[in-house]
Peer 1: 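Okay, here's the structure, questions in a sec.
Because the structure is a prediction, the values reported are computed rather than measured.
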Amino acid sequence: ATAGSAVGLGNVWRFPFMTGQNGGAAFILVYFGCVLLLGIPGMVSEFLIGRYAQSNAARAYASMGHSGWRFVGYLGILTSTLILGFYAVVAGWCLQYLYAAIAGQLTGDAAYVLNYFKCQPALNYGFYNPTESWQEGVDGPNAVKTRNAMADVLRFWLKLGADGFRVDMADSLVKLDGPNKEGTVHVWQEILGPIHEEFPEAAFVSEWNNPSQALRAGFDMDFFLEWRGNGYSTMMRDFDETPDGEVISPNGGYFAKHSGSDVSRFLKDYLPKYEDTKDLGLYCFITCNHDMLRPTAGLSEDELRLAYAWIYTMPGAPFLYFGDELALRQRLLKTKEGSYRRTGARAPMQWNSGKNKGFSETDGELYLPVDSDPNAHTVEAQENDPASMLNFVRGLIALRQANEDLGNYSPFEVYSAEEGSRVFAYKRGNLLVAMNPGVDTEELQLDGAYESIYALGVSVIRDDKLTLGSQSFVVLKPIC
């Protein structure tokens, strides 16, 4: 039985692991031979001895007629005791991996029953509609203590000079919340109301992706996030991917040159939210964030320039994710603390060609590795190159700052967005922005006389028509 238990552990764990990692499936034939010639006869012998002796392991051998065999029985007991030490270690491993799986610490592509990391406290903001005696409402005494404590945290940092806060998962506070997050909206109003009065210059941006709720909750800005199939994703990231972030289908997004798509899906999602909240705060476009694949995962640098030009000429405050100004590539990296597909977008900034790409002087291992490609993009390599992505983005920032009509709150109105057309044009104040990310040349009817103040690609004004070449973008100013 002792030998059988040890062999059984080897069968279930060690043997498959070793052959899977190192090959050698031919050893299965040797394994089956040992089972037939040694394992089965040994097991049958144990059965026969046990049935014949009707005694314990120590006495069974002696009862077969020779007292000298008694030591074999005691040796079996000693062996079992020694093997228990091995089993205790393996059992500890099993418990450790079970805990790691639940806590989201494994390096695989999934976790079991994971919501937040084990290091994150489950703060009590209350239940929206308590149904049990142990549940407390959002205005219960303990829930109020929690939000008052969080307000004190904000005060602490704002008094030290912080300009504001970006709040991750801002819509996920109250348990069993209402259909429109009424409980969470109320909690934020109670927290941010007094804070805005005390620190009127402080800015708060939410990771909510619902400005109708977020801005009414007291936030100044809300991110337009990429959720699979929403308006944002149809512009830049309309593709399928594996759990580790590898793109496995063509990009059907608007800015993909060969996608043939229009902006109708984007506008269907964006326009109602914009119209509802344009006087409440800012619904902000982002190039990327820590939860998304970098835009280079699905767009070439030429396509990316048009996408950035779009982001920097839309309403709201544009947010540039670190490294996107260099067009850092999306990398396939092993998950780290539950990051999974998002790991590649969280790798360090790359400043120069030196040690750790200038990110750190440590001789140890970085939390995530920098790109080892000798041609990896760095600030140093792009700084003095007028045609680099870095200087292109700087040009977009200068364009926005130089033109009040491209400001955060300047009016936005769709000028042309016909279904099936690759042309997208909109008014920002008196400026007209037009683009054609596709392959073919397109034309746009103008409503007056214009001149170009910014252009990508080839665009020509003839009489009252604008001709947009392949992958072109232009900002036009009326001629007075």
Peer 1: Which pair of heavy atoms, one from P315 and one from R428, lies closest together, and at what distance?
Peer 2: N-NH1, 3.3 Å
Peer 1: Hey, could you give me the CE/CG distance between M389 and L328, rounded to the nearest 0.5 Å?
Peer 2: 10.5 Å
Peer 1: What are the two closest non-hydrogen atoms of N356 and V370, and how far apart are they?
Peer 2: O-CG1, 3.5 Å
Peer 1: To the closest 0.5 Å, what do you measure between CG (L476) and CG (L431)?
Peer 2: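 Separation between the atoms: 8.5 Å.
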Peer 1: So, Y426 versus T313: side-chain donor-acceptor pair below 3.5 Å or not?
Peer 2: yes
Peer 1: Is a donor on one side and an acceptor on the other found under 3.5 Å between the side chain of Q189 and the backbone of R216?
Peer 2: yes
Peer 1: Among N209, D276, D222, which residue satisfies the side chain to side chain donor-acceptor pair (under 3.5 Å) criterion with Y283?
Peer 2: N209
Peer 1: Answer yes or no: is there an ion pair linking R265 with D269, defined by an N-O contact shorter than 4.0 Å?
Peer 2: no
Peer 1: Which atom pair, heavy atoms only, marks the closest approach of F424 to A417?
Peer 2: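 That closest heavy-atom pairing would be CD1-CB, 4.1 Å.
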Peer 1: How about E201: does its CD atom have over 12 heavy atoms from other parts shown lying under 6.0 Å from it?
Peer 2: no
Peer 1: Would you call D152 and R155 a salt bridge, using N to O less than 4.0 angstrom?
Peer 2: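 Answer for the salt bridge query: yes.
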Peer 1: Do L399 and L406 come within less than 4.5 Å of each other through their side chains, counting heavy atoms only?
Peer 2: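 A side-chain contact exists here, since the closest heavy-atom pair is under 4.5 Å.
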Peer 1: Look only at the side chain of N352 and the backbone of E380, and say whether a donor-acceptor pair between them is shorter than 3.5 Å.
Peer 2: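 Not a single qualifying donor-acceptor pair exists.
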Peer 1: Would you say E275 has more than 12 foreign heavy atoms packed within less than 6.0 Å of its CD?
Peer 2: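 Atom CD in E275 is packed in, count exceeds 12.
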Peer 1: So how far is it from L280 CG to M221 CE, rounded to the nearest 0.5 Å?
Peer 2: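 That separation rounds to 14.0 Å.
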Peer 1: Using only atom types and a distance under 3.5 Å, with no angle test, would you say the side chain of R400 pairs donor to acceptor with the backbone of Y312?
Peer 2: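 Yes, because the side chain of R400 sits within donor-acceptor range (under 3.5 Å) of the backbone of Y312.
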Peer 1: Please tell me whether N436 and Q471 have a donor and an acceptor in their side chains that are separated by less than 3.5 angstrom.
Peer 2: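 Result is no, nothing qualifies.
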Peer 1: Under 3.5 Å, is there a donor-acceptor pair between the D168 and H290 side chains?
Peer 2: yes
Peer 1: Would you call the rings of W310 and F255 parallel, tilted or perpendicular if under 30° counts as parallel and over 60° as perpendicular?
Peer 2: tilted
Peer 1: Is there a side-chain contact (heavy atoms from CB on, under 4.5 Å) between K278 and F412? Walk through the geometry before answering.
Peer 2: CA-CA 9 Å; K278 61 185 179 181; F412 169 83; over 6 Å; no
Peer 1: Can you confirm whether V433 sits close enough to V474 that some side-chain heavy atom of one is under 4.5 Å from a side-chain heavy atom of the other?
Peer 2: no
Peer 1: Does the side chain of I286 come within less than 4.5 Å of M292's, by heavy atoms?
Peer 2: yes
Peer 1: Would you check if T234 and E226 make a side-chain contact, meaning some heavy-atom pair closer than 4.5 Å?
Peer 2: no
Peer 1: Mind telling me whether F224 and F285 have parallel, tilted or perpendicular rings, with 30° and 60° as the class edges?
Peer 2: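 F285 vs F224 ring planes: tilted.
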Peer 1: Got a donor-acceptor contact below 3.5 angstrom from the R422 side chain to the S261 backbone?
Peer 2: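 Yes; at least one donor-acceptor contact below 3.5 Å.
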Peer 1: Hey, can you tell me if F165 and F204 have their rings parallel, tilted or perpendicular (30° and 60° cut-offs)?
Peer 2: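 Plane angle under 30°, so parallel.
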Peer 1: I'd like to know if D405 pairs up with K477 as an ion pair, taking the criterion as any Lys NZ or Arg NE/NH1/NH2 lying under 4.0 Å from an Asp or Glu carboxylate oxygen.
Peer 2: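 Between K477 and D405 there is no salt bridge, as every charged N stays at least 4.0 Å from the carboxylate O atoms.
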Peer 1: Without swapping roles, check the side chain of D244 against the backbone of R341 for a donor-acceptor pair under 3.5 Å.
Peer 2: no
Peer 1: Less than 4.5 Å apart, any side-chain heavy atom of P437 and any of Y254?
Peer 2: yes
Peer 1: Looking at D240 and R228, is there a salt bridge between them, counting it only when a charged N and a carboxylate O are closer than 4.0 Å?
Peer 2: yes
Peer 1: Less than 4.5 Å apart, side chain to side chain, heavy atoms only: is that true for Y409 and L282?
Peer 2: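 Y409 vs L282: side chains touch.
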Peer 1: Quick check for you: to the nearest 0.5 Å, what is the distance between D171 atom CG and Q213 atom CD?
Peer 2: 7.5 Å
Peer 1: Out of R329, K357, H377, which one pairs with D371 under the side chain to side chain donor-acceptor pair (under 3.5 Å) rule?
Peer 2: R329
Peer 1: Salt-bridge test for D291 and R342: reply yes if a basic N is under 4.0 Å from a carboxylate O, no otherwise.
Peer 2: yes
Peer 1: With distance as the sole test, does Q382 use its side chain to make a donor-acceptor pair with the main-chain N or O of L390 at under 3.5 Å?
Peer 2: yes
Peer 1: Output yes when E303 and K257 qualify as a salt bridge under the 4.0 Å nitrogen-oxygen rule, no when they do not.
Peer 2: no
Peer 1: Verify the neighbour count for atom CD of E365: are there more than 12 heavy atoms of other residues, nucleotides or ligands below 6.0 Å?
Peer 2: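 For E365, atom CD is not crowded (no more than 12 foreign heavy atoms under 6.0 Å).
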Peer 1: Less than 4.0 angstrom from a charged side-chain N to a carboxylate O is my criterion; do D177 and K175 meet it?
Peer 2: no
Peer 1: Give, for atom CE of M314 and atom SG of C284, the distance between the pair rounded to the nearest 0.5 Å.
Peer 2: 11.5 Å
Peer 1: Check whether any side-chain heavy atom of S410 sits under 4.5 Å from a side-chain heavy atom of N403, and report yes or no.
Peer 2: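 Side-chain contact under 4.5 Å: no.
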Peer 1: Is a side-chain N or O of S339 found less than 3.5 angstrom from the main chain of T335, in a donor-acceptor match?
Peer 2: no
Peer 1: Looking at every heavy atom in both G126 and V174, which two are closest together, and how far apart are they?
Peer 2: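 Heavy-atom minimum between the residues: O-CG1, 3.4 Å.
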Peer 1: Which heavy-atom pair separates N430 from Y450 by the least distance, and what is that distance?
Peer 2: O-CE2, 4.3 Å
Peer 1: Does N251 use its side chain to pair, donor to acceptor, with the backbone of M236 at less than 3.5 Å?
Peer 2: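 Yes; judged by distance alone, with no hydrogens or angles, the pair exists.
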Peer 1: For T287 and Y308: C-alpha separation, side-chain torsions, deciding distance, then whether side-chain contact (heavy atoms from CB on, under 4.5 Å) applies.
Peer 2: CA-CA 7 Å; T287 63; Y308 285 177; 3.7 Å; yes
Peer 1: So which heavy atom on S259 is nearest to which on G253, and how close?
Peer 2: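 Minimum heavy-atom separation between S259 and G253: OG-O, 2.8 Å.
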Peer 1: Apply salt bridge (Lys or Arg N to Asp or Glu O under 4.0 Å) to E383 and R394, showing your working.
Peer 2: CA-CA 11 Å; E383 185 81 44; R394 287 173 172 170; 3.0 Å; yes
Peer 1: Can you confirm whether D463 is buried at CG, in the sense that more than 12 heavy atoms of other residues, nucleotides or ligands lie under 6.0 Å from that atom?
Peer 2: no
Peer 1: Thinking salt bridges, do R331 and E246 make one under a 4.0 Å N-O criterion?
Peer 2: no
Peer 1: Please walk me through it: do F219 and W188 pass ring-ring contact (aromatic ring centres under 6.0 Å, His included)?
Peer 2: CA-CA 8 Å; F219 286 94; W188 279 119; 4.9 Å; yes
Peer 1: One pair to check against side-chain contact (heavy atoms from CB on, under 4.5 Å): Y97 and L95. What are the steps and the verdict?
Peer 2: CA-CA 6 Å; Y97 277 105; L95 291 175; over 6 Å; no
Peer 1: Could you walk me through whether L271 and V414 pass the side-chain contact (heavy atoms from CB on, under 4.5 Å) test, one step at a time?
Peer 2: CA-CA 9 Å; L271 281 180; V414 175; 4.1 Å; yes
Peer 1: For the CG atom of L432 and the OH atom of Y415, what is their distance to the nearest 0.5 Å?
Peer 2: 6.0 Å
Peer 1: Less than 6.0 angstrom separating the ring centers of W208 and F223, yes or no?
Peer 2: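 Aromatic pair excluded; centres sit 6.0 Å or further apart.
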Peer 1: I'd like to know if the side chain of S206 and the backbone of V167 have a donor-acceptor N/O pair within less than 3.5 Å.
Peer 2: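 No.
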Peer 1: Just wondering, do V247 and R237 contact through their side chains at under 4.5 Å, heavy atoms?
Peer 2: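 Answer no - side chains too far apart.
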Peer 1: Is it true that, when you exclude E418 itself, more than 12 heavy atoms of the residues, nucleotides or ligands shown sit nearer than 6.0 Å to its CD?
Peer 2: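 No, the 6.0 Å shell around CD holds no more than 12 heavy atoms from other groups.
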Peer 1: Taking the side chain from K465 and the backbone from L444, do they hold a donor-acceptor pair closer than 3.5 Å?
Peer 2: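 Such a contact is absent between K465 side chain and L444 backbone.
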